[in-house]
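Whatever order the structure lists ligands and atoms in, that order sets their numbers, starting from 1. All values below come from the heavy atoms of this structure, side chains included, with hydrogens, waters and symmetry mates left out. Sequential numbering from 1 along the given sequence is applied to the chain's residues.
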Amino acid sequence: MEEEDIDDINSIEKLEDYDIGHKYLFRICLLGDAGVGKTSILTRFCDNTFKENYNNTIGVDFRLVTLKYKDIISKIHLWDTAGQERFRSLTLNYLHNSHGFLFIYDITNKDSFDNIVNWINLSFDNNKNSVINFLIGNKCDQNSSRKVEESEAQQFAKEKGLIYLETSAKSDENIQKLFFYCVYKLIKYYDKNDYTEEDNAQLNSSHTEEIKIQRPNQNKCGC
Ligand code: GTP
Ligand code: MG
């Protein structure tokens, strides 16, 4: 993160008002193996809570947040995908129109880091236009059990053109910074590229269909 960006990023506010008009609607997709902490990162950011127990995500979950940077209001669709292989075809639906990818691994689980390359390939094969992409080493509160060195991850991120950050959903380290930084970069990108009204309509196109299918197994038990 560059020095001059820090004050700007710190000035971003999360708004509770969901009905407020917005300039941008960004879609950010969280990807990575089962259990790395995707849902926990989102829950920490959206609700400021953390649960020790693990409930794997079924299909895809969705959260919406509103952020204000200077006088620019942005709505952010956050897609929380399932790491389990059996949901992979559903995940594909969310890749093609994301503006940003967060590739997440668990710093205590080397396999989850080694698999990041597969998540990257899957994402970039389906979306060549993602603007900002992060490599996230989560669970950094468990440094004593670390299996992936920061230097290795940093080198990999550099090779792949990703921004590298370590986070902890548990201790709330770098969680807000991650999302604010991501949105800040997106705003800078679209503002600099002088988006036209037409482009903006495309950028803001509705995703109600996708939202409807977010929980394919919901109520399947009939209870
Ligand atoms: P899937 O939905 O199956 O893809 O998994 P996920 O990536 O969403 O993982 P989830 O957020 O459900 O977290 C899995 C387990 O890791 C849970 O038991 C969490 O409590 C734990 N966990 C998540 N983030 C952290 C963290 O930053 N630190 C620690 N110590 N545990 C974490
Ligand atoms: Mg999950």
Visitor: Tell me the protein heavy atom at minimum distance from atom 9 (O) of ligand 1, and give that distance in Å.
Guide: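 Of every protein heavy atom, G37 N, 3.2 Å lies nearest to atom 9 (O) of ligand 1.
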Visitor: Among protein heavy atoms, which lies nearest atom 24 (N) of ligand 1, and at what distance?
Guide: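 Among all protein heavy atoms, the one nearest atom 24 (N) of ligand 1 is N138 ND2, 3.2 Å.
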Visitor: Which of the numbered atoms in ligand 1 are below 4.0 angstrom from a heavy atom of A34?
Guide: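 Close to A34: 1 (P), 3 (O), 4 (O), 5 (O).
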Visitor: Do the side-chain N and O atoms of E166 and N174 include a donor-acceptor pair separated by under 3.5 angstrom?
Guide: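 Per modelled atom types, E166 and N174 side chains form no pair under 3.5 Å.
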Visitor: Is the contact between I41 and ligand 1 made by the side chain, the backbone, both, or neither, using heavy atoms and a 4.0 Å cut-off?
Guide: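 No part of I41 comes within reach of ligand 1.
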Visitor: Which residue and atom name correspond to the protein heavy atom nearest atom 18 (O) of ligand 1, and how close is it?
Guide: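 I find the closest protein heavy atom is E52 O, 2.7 Å.
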Visitor: Nearest protein heavy-atom contact for atom 1 (P) of ligand 1: which residue, which atom, what distance?
Guide: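 Checked against all protein heavy atoms, atom 1 (P) of ligand 1 sits closest to Y54 OH, 3.6 Å.
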Visitor: Quick one: does ligand 1 sit under 4.0 Å from the side chain of Q142, the backbone, both or neither, non-hydrogen atoms only?
Guide: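 Just the side chain.
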Visitor: Which residue holds the protein heavy atom closest to atom 5 (O) of ligand 1, what is that atom called, and what is the gap in Å?
Guide: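 Heavy-atom neighbour on the protein nearest atom 5 (O) of ligand 1: G35 N, 2.9 Å.
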Visitor: Main chain of D80, side chain of D61: is a donor-acceptor contact present, judged purely on distance under 3.5 Å?
Guide: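 No, the answer is negative, given that no donor and acceptor are paired below the 3.5 Å cut-off.
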Visitor: If the cut-off is 4.0 Å to any non-hydrogen atom of V36, which atoms of ligand 1 fall inside it?
Guide: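 In order of numbering, the contacting atoms are 7 (O), 9 (O).
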Visitor: Restricting to N/O/S atoms, is T39 within less than 2.8 Å of the Mg ion (ligand 2) or not?
Guide: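 So T39 does bind the Mg ion (ligand 2) by this criterion.
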Visitor: How far does CD1 of I104 sit from CD1 of I41, to the nearest 0.5 angstrom?
Guide: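 The CD1 atom of I104 sits 4.0 Å away from the CD1 atom of I41.
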Visitor: Would you call the rings of F113 and F156 parallel, tilted or perpendicular if under 30° counts as parallel and over 60° as perpendicular?
Guide: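 Perpendicular: the ring planes of F113 and F156 meet at over 60°.
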Visitor: Do D191 and Y24 have a side chain donor and acceptor closer than 3.5 Å?
Guide: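 Note: D191 and Y24 side chains meet the donor-acceptor criterion.
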Visitor: Look at the side chain of H22 and the backbone N and O of I73, then say whether any donor-acceptor pair between them is shorter than 3.5 Å.
Guide: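 Side chain of H22 to backbone of I73, a donor-acceptor pair under 3.5 Å: no, none is there.
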Visitor: Under 4.0 Å from any heavy atom of S40, which atoms of ligand 1 are there?
Guide: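 By the 4.0 Å cutoff, the relevant atoms are 10 (P), 11 (O), 13 (O), 19 (C), 23 (C), 24 (N).
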Visitor: Salt bridge between D172 and K177, side-chain N to carboxylate O under 4.0 Å?
Guide: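 Result for this pair is no, no salt bridge flagged.
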Visitor: Hey, can you tell me if W79 and H77 have their rings parallel, tilted or perpendicular (30° and 60° cut-offs)?
Guide: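 Answer is perpendicular, since the angle exceeds 60°.
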Visitor: Under a 4.0 angstrom heavy-atom cut-off, which atoms of ligand 1 come close to K51?
Guide: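 So the atoms of ligand 1 that pass are 19 (C), 20 (O).
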Visitor: Taking 4.0 angstrom as the limit and counting only heavy atoms of S168, give me the atoms of ligand 1 inside it, by number and element.
Guide: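 Going through ligand 1 atom by atom, the ones under 4.0 Å from S168 are 27 (O).
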Visitor: Hey, which atoms in ligand 1 end up nearer than 4.0 Å to a heavy atom of D141?
Guide: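 Taking each heavy atom of D141 in turn, ligand 1 has 26 (C), 27 (O), 28 (N), 29 (C), 30 (N) under 4.0 Å.
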Visitor: Is K170 touching ligand 1 with its side chain, its backbone, both, or neither, if touching means heavy atoms under 4.0 Å apart?
Guide: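 Answer for K170: both.
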Visitor: At less than 4.0 angstrom from any non-hydrogen atom of K38, what atoms of ligand 1 do you find?
Guide: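 So the atoms of ligand 1 that pass are 1 (P), 4 (O), 5 (O), 6 (P), 7 (O), 8 (O), 9 (O), 11 (O).
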Visitor: Name the closest protein heavy atom to atom 27 (O) of ligand 1, giving the residue it belongs to and the distance to 0.1 Å.
Guide: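 Here the closest protein heavy atom is A169 N, 2.8 Å.
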Visitor: Do E173 and R44 meet the salt-bridge criterion of a basic N to acidic O distance under 4.0 Å?
Guide: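 The answer is no: the pair does not qualify as a salt bridge.
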Visitor: When you measure from the Mg ion (ligand 2) to the N, O or S atoms of T57, does any of those distances fall below 2.8 Å?
Guide: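 A backbone or side-chain N, O or S atom of T57 is under 2.8 Å from the Mg ion (ligand 2).
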Visitor: Give the atoms of ligand 1, by number and element, whose distance to some non-hydrogen atom of N56 is under 4.0 Å.
Guide: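 So the answer, numbered in order with elements, is 2 (O), 3 (O).
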Visitor: Considering heavy atoms of the protein only, find what lies nearest to atom 22 (N) of ligand 1 and give residue, atom and distance to 0.1 Å.
Guide: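 Looking at atom 22 (N) of ligand 1, the protein heavy atom closest to it is K139 CE, 3.6 Å.
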Visitor: So, 4.0 Å and heavy atoms of A82: is ligand 1 close enough to count as a contact?
Guide: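 Under 4.0 Å: yes for A82.
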Visitor: If the plane angle is over 60° it's perpendicular, under 30° parallel, otherwise tilted; pick one for Y164 and Y105.
Guide: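 Judged by the thresholds at 30° and 60°, the geometry between Y164 and Y105 is parallel.
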Visitor: Please work out which of the three classes, parallel, tilted or perpendicular, describes the rings of F179 and F45, given edges at 30° and 60°.
Guide: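 Plane angle under 30°, so parallel.
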Visitor: Is there a donor in the side chain of D8 and an acceptor in the side chain of Y69, or the other way round, less than 3.5 Å apart?
Guide: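 Result is yes, a qualifying pair exists.
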